[in-house]
J.: 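Have a look at the structure that comes next, please.
Note that the coordinates shown come from a computational prediction; the quantities given were computed from them, not determined experimentally. We're numbering straight along the sequence, starting at 1.
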Amino acid sequence: MLAYALCILTVAQSGQWVQNPGFEQVVNDRPLRWELFVQPMDGAYGRVSSGEARSGERSAMLHIPRPYLRDP
């Protein structure tokens with residue numbers, strides 16, 4: 001059983017590996033250069049929050065209520 005989330009990052013032309021790593025740059029309430037995807041499952045969701053961060057202003061969270069039966 002697998003219980004994990006996968007984020008795919010792209011290398012920016014500037015050579016910096018992760019663009020907007022703290023989700024601080026936002027356009028229309030969405031973090032710039034990030035897409036949120038959660039494998040479909042009842043009760044699974046993801047969100048980007050403001051005010052709940054370890055540092056900075058924002059954080060991302062994925063919730064999966066139980067392990068996937070097979071690799072998503």
Side-chain angles (χ1 to χ4, degrees):
M1 290 188 207
L2 301 173
Y4 65 87
L6 173 66
C7 293
I8 299 174
L9 308 175
T10 58
V11 178
Q13 290 179 355
S14 66
Q16 183 177 352
W17 282 93
V18 179
Q19 294 285 305
N20 194 20
F23 314 109
E24 300 298 318
Q25 296 172 312
V26 178
V27 174
N28 297 328
D29 275 340
R30 298 183 62 156
L32 187 64
R33 295 185 173 87
W34 286 89
E35 292 293 328
L36 178 63
F37 173 79
V38 178
Q39 183 74 19
M41 174 192 287
D42 287 339
Y45 62 91
R47 71 173 186 226
V48 176
S49 301
S50 58
E52 299 178 32
R54 183 178 303 214
S55 64
E57 298 279 325
R58 293 179 167 69
S59 62
M61 189 272 296
L62 299 175
H63 172 76
I64 302 167
R66 61 189 173 281
Y68 289 110
L69 298 177
R70 59 188 166 101
D71 187 357

J.: Partners of Gln25 by side chain to side chain contact (heavy atoms under 4.5 Å, CB included), sequence neighbours excluded?
T.: Asn20, Leu32, Arg33
J.: Got a donor-acceptor contact below 3.5 angstrom from the Tyr68 side chain to the Met41 backbone?
T.: no
J.: Looking at residues at least two apart in the chain, or sitting in another chain, which of them share a side-chain hydrogen bond (donor to acceptor under 3.5 Å, both in side chains) with Ser50?
T.: none
J.: List the residues meeting side chain to side chain contact (heavy atoms under 4.5 Å, CB included) with Met61, not counting sequence neighbours, and say none if there are none.
T.: Tyr45, Arg47, His63
J.: Okay, side chain of Glu24, backbone of Glu57: is any donor-acceptor separation there less than 3.5 Å?
T.: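 Yes.
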J.: Do Arg58 and Val26 have side chains that get closer than 4.5 Å, going by heavy atoms?
T.: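 Arg58 vs Val26: side chains touch.
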J.: Compare every heavy atom of Ala44 with every heavy atom of Val38, then report the nearest pair and how far apart it is.
T.: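 Closest approach of Val38 to Ala44, heavy atoms only: CG1-CB, 3.6 Å.
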